[in-house]
Every structure is written in C-alpha cells, then in structure tokens.
Student: 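If you scroll down you'll find the structure; I have some questions about it.
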Amino acid sequence: MRYFLDTEYNGFGGALLSLALVAEFGDEELYFTVPAPTEIHPWVERHVMPYMNHVPDMHRAPPLDRDTAAHALATFLANDRDIEIIADWPEDIAQICMLLLTGPGEIVRTPPLRFRFYALPGFSTAGASKVPHNALHDARSLRDHILGLED
C-alpha cells in the first residue's frame with residue numbers, strides 16, 4: 001500500500017503541527033493536529049494556522065498529544081504489510097520519523113516502512129491543493145499529481 005504524506009510544522013526544522021496520510025486507492029486517510037507551540041513562526045501564523053481545521057467533519061478533532069498521535073499513526077498503519085510512504089519534501093519524512101519516537105529508546109510498533117522522496121520541480125502541493133498549507137488537502141494533491149504522472 002502506498003500512502004502520500006504531508007505535514008505542517010512551525011518553520012524550518014520546527015515542531016510538527018499536523019500530519020496527513022492519504023491512501024493510494026480508496027478513501028482511507030489519517031489526519032490529526034498536535035498542540036501548537038506558544039511561539040508560531042510568522043509565515044506559519046499567516047499561511048498554515050488559519051487552515052488547520054479546514055477538513056471534512058470526520059477529520060475534525062481536538063489536537064492530539066504527541067504520544068497519542070504516534071499511537072494513532074501506528075494503529076492506522078497496523079494492518080498493512082508492504083507500506084511505502086511518499087513525500088515531496090524531505091522535512092515531511094523527518095517529521096513522521098520523529099513522531100514514531102515516543103521516548104528515549106522507545107518507538108511505536110509499525111509494520112516495516114519504506115519512504116520515497118519525489119523531487120517535483122515546478123509542482124507545488126500547496127499550489128495545486130484545494131486548501132493550501134493544510135496537510136490533508138496537500139497530501140491529496142500530492143497523490144493526485146503522482147498518480148497522474150504514472151498514467
């Protein structure tokens with residue numbers, strides 16, 4: 001199973017704010033937010049924060065603490081065996097990998113994961129997204145673009 005990933009985070013190298021995984025086929029999706037830090041990068045304050053909850057009702061929920069978010073991710077992936085997670089930005093892969101860590105020497109259990117990074121010059125997930133800089137809509141945009149390239 002391939003999943004398309006997007007995250008929003010508090011500026012370069014900043015804290016995770018939201019994460020979305022969208023399945024290649026069907027309507028299987030994961031979206032959650034985590035509590036935002038006290039200080040938000042000005043660009044993020046303008047371009048990301050206003051759109052965090054612009055998602056379908058079934059995805060609207062209070063922010064999850066990091067431990068709960070990590071376990072939600074693990075539960076979402078638990079039933080798949082051949083998982084490839086696709087991203088168009090390296091920071092997205094870094095953010096999901098860091099979320100898997102729950103403490104010193106501790107991680108959530110997931111099936112084996114493969115990550116694939118696509119550099120997509122001239123394409124912007126946010127630019128093609130229905131709600132730019134919203135992780136769910138950007139992940140959907142990435143999926144649609146990649147699948148369109150493969151047709």
Side-chain angles (χ1 to χ4, degrees), residues 1-24 27-77 83-110 113-149:
M1 173 66 82
R2 292 194 303 177
Y3 292 99
F4 296 84
L5 168 68
D6 194 74
T7 66
E8 300 299 336
Y9 43 91
N10 193 25
F12 178 75
L16 178 68
L17 299 171
S18 63
L19 181 145
L21 285 174
V22 175
E24 177 177 6
D27 58 1
E28 193 175 1
E29 298 176 327
L30 174 70
Y31 176 77
F32 58 78
T33 63
V34 296
T38 306
E39 291 190 31
I40 302 293
H41 185 281
W43 188 93
V44 174
E45 185 70 41
R46 283 189 312 275
H47 298 280
V48 175
M49 299 307 291
Y51 307 105
M52 296 283 279
N53 285 314
H54 286 209
V55 294
D57 288 342
M58 66 186 186
H59 290 301
R60 284 195 193 124
L64 303 178
D65 64 71
R66 284 188 65 87
D67 189 65
T68 302
H71 285 90
L73 174 62
T75 298
F76 181 77
L77 297 172
I83 300 172
E84 181 176 53
I85 296 176
I86 297 170
D88 70 336
W89 197 248
E91 183 79 10
D92 294 328
I93 295 169
Q95 290 286 348
I96 196 172
C97 287
M98 290 302 295
L99 184 63
L100 296 173
L101 302 170
T102 56
E106 297 177 15
I107 62 172
V108 291
R109 299 183 127 243
T110 65
L113 304 175
R114 287 188 326 272
F115 295 92
R116 181 173 294 200
F117 166 67
Y118 281 84
L120 298 170
F123 175 75
S124 163
T125 53
S129 180
K130 289 183 181 177
V131 181
H133 306 297
N134 174 284
L136 178 63
H137 293 283
D138 289 359
R140 289 173 174 175
S141 173
L142 177 62
R143 177 200 56 202
D144 295 347
H145 184 73
I146 296 291
L147 294 179
L149 292 175

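Computed over heavy atoms, backbone and side chain alike; hydrogens, waters and symmetry mates excluded. Position 1 is the first residue of the sequence, and the numbers go up from there. Just so you know, these numbers come straight off a predicted model, no measurement behind them.
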Student: Tell me whether Asp67 contacts the main-chain N or O of Gly103 through its side chain, where contact means a donor paired with an acceptor under 3.5 Å.
Tutor: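 Pair absent, no side-chain N/O of Asp67 close to backbone of Gly103.
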
Student: Locate the shortest heavy-atom distance separating Met1 from Ala23; write the atom from each residue and the value.
Tutor: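 For Met1 versus Ala23, the nearest heavy atoms are SD-CB, 4.1 Å.
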
Student: Hey, mind stepping through Leu73 and Thr110 against side chain to side chain contact (heavy atoms under 4.5 Å, CB included) and telling me if it holds?
Tutor: CA-CA 9 Å; Leu73 174 62; Thr110 65; 5.6 Å; no

Student: Determine whether more than 12 heavy atoms belonging to other residues, nucleotides or ligands lie under 6.0 Å from atom CZ of Arg109.
Tutor: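 Open: at most 12 neighbouring heavy atoms sit under 6.0 Å from CZ of Arg109.
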
Student: Is there side-chain contact between Leu136 and Pro56, with at least one heavy-atom pair below 4.5 Å?
Tutor: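 Leu136 reaches Pro56 side chain to side chain.
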
Student: Can you classify the ring geometry of His133 versus Trp43 as parallel (below 30°), tilted (30 to 60°) or perpendicular (above 60°)?
Tutor: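 It falls in the perpendicular class, over 60°.
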
Student: At their closest point, which heavy atom of Pro121 faces which heavy atom of Ala119, and how far apart are they?
Tutor: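 Minimum heavy-atom contact is CD-O, 3.3 Å.
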
Student: First locate atom NE2 of His41, then atom CZ of Phe12, and finally report the distance between them rounded to the nearest 0.5 Å.
Tutor: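 With rounding to 0.5 Å, NE2 (His41) is 11.0 Å from CZ (Phe12).
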
Student: Looking at side-chain heavy atoms only, is the closest gap between Tyr51 and Pro132 below 4.5 Å?
Tutor: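 Contact flag for Tyr51/Pro132 side chains = no.
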
Student: Just do the side chain to side chain contact (heavy atoms under 4.5 Å, CB included) check on Ile96 and Phe115 with the steps written out, would you?
Tutor: CA-CA 10 Å; Ile96 196 172; Phe115 295 92; 3.6 Å; yes

Student: Does Leu142 reach the side chain of Asp6, with side-chain heavy atoms less than 4.5 Å apart?
Tutor: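 Not touching, per the 4.5 Å side-chain cut-off.
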
Student: Hey, is the main chain of Phe4 close enough, under 3.5 Å, to the side chain of Glu24 for a donor-acceptor pair?
Tutor: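 Answer holds: no.
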
Student: On a heavy-atom basis, which atom in Tyr9 and which in Leu16 lie closest, and how many Å separate them?
Tutor: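 That would be CB-CA, 4.1 Å.
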
Student: Without swapping roles, check the side chain of Asp92 against the backbone of Thr7 for a donor-acceptor pair under 3.5 Å.
Tutor: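 Such a contact is found between Asp92 side chain and Thr7 backbone.
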
Student: Output the distance between atom CD1 (Ile83) and atom CG (Leu77), rounded to the nearest 0.5 Å.
Tutor: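 Nearest 0.5 Å value for the CD1-CG distance: 4.5 Å.
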
Student: What's the separation between atom CG in Leu101 and atom CD in Glu106, rounded to the nearest 0.5 Å?
Tutor: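 Answer rounded to 0.5 Å: 10.0 Å.
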
Student: Before giving the answer on side chain to side chain contact (heavy atoms under 4.5 Å, CB included), spell out for Leu19 and Leu30 the whole-Å C-alpha distance, their side-chain angles and the decisive distance to 0.1 Å.
Tutor: CA-CA 8 Å; Leu19 181 145; Leu30 174 70; 4.3 Å; yes

Student: Looking at Met52 and Asn134, what are the two nearest heavy atoms and their distance?
Tutor: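 Looking at all heavy atoms of both residues, the closest pair is O-ND2, 3.5 Å.
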
Student: Given 3.5 Å as the limit, does a donor-acceptor pair link the side chain of His137 with the main chain of His54, or not?
Tutor: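 A pair under 3.5 Å: yes.
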
Student: Out of curiosity, Phe32 CZ to Leu21 CG, how far, rounded to the nearest 0.5 Å?
Tutor: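 Between atom CZ of Phe32 and atom CG of Leu21 there are 8.0 Å.
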
Student: Does atom CZ (Arg60) have a neighbourhood of more than 12 heavy atoms from anything else shown, all under 6.0 Å?
Tutor: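 Enclosed.
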
Student: Evaluate the side chain to side chain contact (heavy atoms under 4.5 Å, CB included) criterion for residues Leu17 and Met49: first the C-alpha distance (whole Å), next the side-chain angles of each, then the deciding distance (0.1 Å), finally the verdict.
Tutor: CA-CA 9 Å; Leu17 299 171; Met49 299 307 291; 4.0 Å; yes

Student: Is any side-chain heavy atom of Leu147 less than 4.5 Å from a side-chain heavy atom of Arg2?
Tutor: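 Yes. Closest side-chain heavy atoms under 4.5 Å.
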
Student: Rounded to the nearest 0.5 Å, how far does CG of Asp88 lie from OH of Tyr118?
Tutor: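 Nearest 0.5 Å value for the OH-CG distance: 11.5 Å.
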
Student: On a heavy-atom basis, which atom in Ala128 and which in Ser141 lie closest, and how many Å separate them?
Tutor: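 Here Ala128 and Ser141 meet closest at CB-OG, 3.3 Å.
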
Student: Drop me the distance from Leu64's CG to His71's NE2, to the nearest 0.5 angstrom.
Tutor: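 Separation between the atoms: 12.5 Å.
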
Student: Do Ser129 and Asp138 have side-chain atoms, one donor and one acceptor, less than 3.5 Å apart?
Tutor: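 There is such a pair (donor and acceptor under 3.5 Å, judged by atom type) between the side chains of Ser129 and Asp138.
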
Student: So for atom CG, which belongs to Asp27, do other residues, nucleotides or ligands contribute more than 12 heavy atoms lying within a distance under 6.0 Å?
Tutor: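 It does not: Asp27 CG has 12 such atoms or fewer within range.
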
Student: Taking all non-hydrogen atoms of both residues into account, name the closest pair between Ala61 and Thr33 and its distance.
Tutor: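 In this case the closest contact between Ala61 and Thr33 is O-OG1, 4.3 Å.
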
